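What you see below is based on every heavy atom in this structure, not just the backbone, and it leaves out hydrogens, waters and symmetry mates. For ligands, and for the atoms within them, numbers begin at 1 and follow the listed sequence. Computed from a predicted model, the values in this text were never measured in an experiment.
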Amino acid sequence: MSPQGQNTGRRPELRHDPVTNRWVIFSPARAKRPTDLKSKSPQNSNPNDNSSCPFCIGNEHECAPEIFRVPSDPSDPNWKLRVIENLYPALNRNLEGPCDEKQDMGVPGLAMGGFGFHDVVIENPVHSVHLCDMEARDIGQVLLAYKKRIQQIATVESIKYVQVFKNHGASAGASMSHSHSQILALPIIPSSVSARFEGMNEYFEKTGKCSLCEVQAKELLIDESTHFISIVPFAATFPFEIWIIPRAHSSHFHEFDCEKMVDLGGLLKLMLRKMSLQLNNPPFNFMIQTSPLQVKESELFYSHWFLQIIPQLSGVGGFEIGTGCYINPVFPEDAAKVMREVNLQVEG
Ligand code: AMP
Ligand code: ZN
Ligand code: ZN
């Protein structure tokens with residue numbers, strides 16, 4: 001480790017992000033230079049290791065039941081993507097209804113039945129093709145599949161929040177190397193979603209404005225598209241964390257139309273390719289940070305969805321687990337510069 005601040009000329013700083021509602025410690029003393037913070041274990045999936053992969057085209061019978069495919073004809077063997085039930089679901093789609101009285105140890109609200117939906121989106125029929133290899137309009141199709149599934153799930157009244165996420169690479173939590181993402185629909189609003197909601201509300205109460213409509217991109221900006229900007233957030237929790245934010249105010253991801261989804265597909269592809277080039281093809285997660293399904297009219301003013309990408313470059317330690325407060329060795333403006341400076345174009 002270098003002496004405090006010596007290699008970047010910066011002093012440590014605490015920043016509060018009004019969106020995540022979280023304090024982050026920026027500590028250059030803990031850093032290698034931003035460009036040194038590359039993945040040590042790049043995610044190199046073996047393109048030939050597909051013989052036993054249930055997600056590969058032709059192995060559909062090894063999967064849990066299909067919900068829908070694109071194109072939509074279930075008998076068309078040449079599918080482009082499939083949404084299926086998870087074979088090992090975290091929550092059970094057949095458990096709707098009140099829970100067993102004994103479950104909550106006599107304290108109302110302490111426990112409930114594990115009802116919910118846990119689906120897998122197989123993004124491509126071919127084992128070796130990753131999301132960042134796909135064309136923007138095909139990534140747009142994946143995003144539209146998320147939207148369609150969220151709309152189906154939203155008709156179930158007891159579902160309160162739908163989390164779309166992708167794990168890429170073993171250290172990002174992936175157990176399957178075939179390109180896929182997941183949709184987990186919950187009967188509760190998770191605490192980090194409530195904290196985000198409260199943070200955005202507090203900002204709105206103070207300023208009368210939406211925190212994400214007001215984002216001052218400038219030196220935090222990476223790239224832009226017609227409908228989105230990509231930035232490193234002002235108080236990024238993780239090194240090289242990226243947010244893709246709709247320019248126009250919108251509370252729910254599933255409100256967006258086909259044209260915007262294709263536009264988002266292009267910017268997402270660009271961010272994944274830049275991350276791969278600059279950070280040595282790291283394992284990563286992305287999450288669609290949308291609003292709870294049943295929000296009040298008044299809450300729509302300050303809730304603004306975004307897509308969060310986190311390369312897995314440093315582990316989470318005891319301090320973070322103990323406090324919920326993170327230490328990030330890379331200042332967001334330095335990370336944005338590293339990402340901005342790659343000269344990459346993404347087509348159609
Ligand atoms: P990950 O662990 O993030 O790579 O996500 C892969 C998901 O696919 C896991 O949640 C598994 O439970 C699920 N899964 C594994 N095999 C199958 C299968 N044959 N059919 C449906 N889902 C599966
Ligand atoms: Zn496969
Ligand atoms: Zn907004």
Any donor-acceptor N/O pair, K274 side chain to M339 backbone, under 3.5 Å
yes

Assign the ring pair F286 / F284 to parallel, tilted or perpendicular, where the plane angle (0 to 90°) is split at 30° and 60°.
parallel

For this output row, return yes or no: ring centroids of F228 and F256 closer than 6.0 angstrom.
yes

Which of parallel (below 30°), tilted (30 to 60°) and perpendicular (above 60°) describes H178 and F55?
perpendicular

Collect the protein residues that have a non-hydrogen atom under 4.0 Å from ligand 1 and hand them over in chain and number order.
P54, F55, E62, C63, A64, I84, E85, N86, L87, Y88, V120, N167, G173, A174, S175, M176, H180, Q182

Please work out whether the ring planes of F165 and H118 are parallel, tilted or perpendicular, with thresholds of 30° and 60°.
tilted

Got a salt bridge between K269 and E135, using NZ or NE/NH1/NH2 to carboxylate O under 4.0 Å?
no

Tell me yes or no: between the side chains of S291 and Y161, is some donor less than 3.5 Å from an acceptor?
no

Answer yes if the side chains of E123 and S179 hold a donor-acceptor pair under 3.5 Å, and no otherwise.
yes

With respect to the Zn ion (ligand 2), what is the nearest N, O or S atom of H127?
ND1

Specify which N/O/S atom of H178 comes nearest to the Zn ion (ligand 2), by atom name.
ND1

For the Zn ion (ligand 3), how many protein N, O or S atoms lie at less than 2.8 Å?
4

For H227 and E259, does a side-chain donor sit closer than 3.5 Å to a side-chain acceptor?
yes

Between Y326 and F238, what is the ring plane arrangement, given parallel below 30°, perpendicular above 60°, and tilted in between?
perpendicular

